[in-house]
2 protein chains.
Amino acid sequence: MTTRWLTPEEQRAWRAYLAATHLLEDAIDRQLQQDAGMPHLFYSVLANLSDAPERRLRMTDLAETLKITRSRLTYAVTRLERDGLVRREDCRWDKRSSLAVLTDEGTAVLERTAPGHVETVRATLFDRLTPEQVGQLEEIFTGVVRGLQGDATEAGDDVPWRRRSSCAPPPPAEP
Amino acid sequence: MTTRWLTPEEQRAWRAYLAATHLLEDAIDRQLQQDAGMPHLFYSVLANLSDAPERRLRMTDLAETLKITRSRLTYAVTRLERDGLVRREDCRWDKRSSLAVLTDEGTAVLERTAPGHVETVRATLFDRLTPEQVGQLEEIFTGVVRGLQGDATEAGDDVPWRRRSSCAPPPPAEP
DNA sequence: CGGTCTTGGTTCAAGTTTTAAACAAACCTA
DNA sequence: TAGGTTTGTTTAAAACTTGAACCAAGACCG
């Protein structure tokens, strides 16, 4: 089969995408390293924990939402634990699972550094976009996400199989 | 000054952006590592050289278009040179500069692996976008790029100063 | 010219991060 | 209970990045 090369428009879009994501990631990383002393990934860990109920998440779930391997997450959490921003806790109902919990100190760091981070995200991205473009951005990338991680789910979607995520008590037995 | 937090729409867009760029970069890196035995950055080096006149570029220019530090580029080119895909050459007119040149072998590797790469980019991104969305993507990110790298240029744009880029012969003296 | 500043590029050492494979414990299912 | 699966960590190796220091070559300026 003959290759479907990118059209000139697609090439321009692709180049712009590559350059922008590169510059953006650089800018954000630099700012966070400067003001929070950690790379973007670590900050994302804290941010996700902060949003979660009771400020805690199973390692696997966290890895999944961050789209990284468990191994990588183990490393990140170990570092954050060393700095006292995160603590590990055992799941009461599934003794294999461990939870990453945002400590008070972690919360404090987040509260202190979040404004600067948001400011950077604004300055580099959102302040340059019209409201319509914000919508377009979301639309485009939610599609991409669905396409990329849906692959696994798609095949088995005739199996309405539900995994118990998030360390939660087992469902009560039916009488 | 009080923080301007992200609106709910912006938050959704931001999350989608983060997840998508992450998954995309992963998918592309995995495919290239698999089929070309190199990470995305290295492939980009080859691709850029391939597009350049005479398949060669000054290190500094290449680093600039790739948005990476010269140090990082030195590392990449050294690796690629070790594999025979790139060769260094001295600039005849400015003996400080060195050029990265795509070798025949590098060209061959690129020709062999480009179809697979393009296919991945299509499958993960462009095949999911309408033509309008391709345009939106370009528009959004060219704006971001301008904003981020324009910072340096903006301040001095009253100085119509032109640097001689790309190893080229000096302009002939005016009679 | 001679001195100074800037640019281009590399080197080097240190540190960070990523990967992949192997592992152990806990859970599930038949 | 046996056999498979999920969870999470460990480990060692490799890959990568950073930043500072450095040298050489060009540019600038009196």
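Worth knowing before you read on, the calculation uses all heavy atoms, side chains too, and leaves out hydrogens, waters and symmetry mates. Convention: sequence-line order gives letters A, B, ...; per-chain numbering from 1.
In terms of phosphate contacts, B:Ser98 brings a side-chain nitrogen or oxygen within less than 4.0 Å of OP1 or OP2 of C:dT10.
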Return a table of donor-acceptor pairs under 3.5 angstrom between the side chains of residues 71-80 of chain A and protein atoms on other chains or two or more places apart.
unit_1  : atom_1 : unit_2  : atom_2 : d
A:Thr74 : OG1    : A:Arg70 : O      : 3.1
A:Thr78 : OG1    : A:Thr74 : O      : 2.6
A:Thr78 : OG1    : A:Arg88 : NH2    : 2.8

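Screening B:Leu62, B:Val101, B:Thr107 against B:Leu49 for a side-chain contact (heavy atoms from CB on, under 4.5 Å) leaves a single residue, B:Leu62.
Ionic pairing of A:Glu89 and A:Arg56 is present here: one or more N-O contacts between side-chain nitrogen and carboxylate oxygen are shorter than 4.0 angstrom. Under 4.0 Å is where a charged nitrogen must lie from a carboxylate oxygen, and between B:Arg96 and B:Asp90 no such pair does.
Considering only the side chain of A:Ser71, C:dA20 comes nearest among C:dA20, D:dT17, C:dT11. Of the candidates C:dT10, D:dA15, D:dT10, C:dT10 carries the atom nearest the B:Arg88 side chain, counting heavy atoms from C-beta on. For A:Lys95, taking side-chain heavy atoms from C-beta onward, the closest of the listed nucleotides C:dC27, D:dT18, D:dG26 is C:dC27. Of the candidates C:dT17, C:dG8, C:dT18, the closest approach to any side-chain atom of A:Leu41 belongs to C:dT18. Checking C:dG9, C:dT18, D:dT10 against every side-chain atom of A:Tyr75, the shortest atom distance belongs to C:dT18. The side chain of A:Ser97 lies closest to D:dT7 when the candidates are C:dG9, C:dT16, D:dT7. Among C:dT11, D:dT18, D:dT7, the nucleotide with an atom closest to any side-chain atom of B:Arg72 is D:dT18.
Rounded to the nearest 0.5 angstrom, B:Glu119 CD and B:Asp127 CG are separated by 7.0 Å. Note: B:Lys67 NZ to A:Asp26 CG = 11.0 Å, rounded to the nearest 0.5 Å.
Base engagement by B:Thr74 is indicated by at least one non-hydrogen atom pair under 4.0 Å involving a base atom. When heavy atoms are screened at a 4.0 angstrom cut-off, B:Arg30 is found touching no nucleic acid atom at all.
For the pair B:Arg96 and A:Leu73, nearest-nucleotide mapping onto DNA chain D gives the more 5' position to A:Leu73. Map A:Met59 and B:Thr69 each onto its nearest nucleotide of DNA chain D; the residue landing nearer the 5' end is A:Met59. Both B:Asp26 and A:Arg82 lie close to DNA chain C; mapped to their nearest nucleotides by heavy-atom distance, the more 5′-ward contact belongs to A:Arg82.
Straight-line distance from the CZ atom of B:Arg58 to the P atom of D:dA25: 16 Å, rounded to whole Å. Taking atom CZ on B:Arg92 and atom C1' on C:dG8, their separation rounds to 19 Å, with Å as the unit. Counting to the nearest Å, the P atom of D:dG19 and the CZ atom of B:Arg70 are 14 Å from each other. A:Asp94 has its CG atom 19 Å from the P atom of C:dA24, to the nearest Å. When the C1' atom of D:dA25 is taken as reference, atom CG of B:Asp90 falls 12 Å away, rounded to whole Å. Rounding to whole angstrom units, CD1 of residue B:Ile68 and P of C:dG9 are separated by 13 Å. What separates CZ of A:Phe42 from C1' of C:dG15 is a distance of 13 Å, to the nearest Å. Counting to the nearest Å, the P atom of D:dA15 and the CG atom of B:Leu32 are 17 Å from each other.
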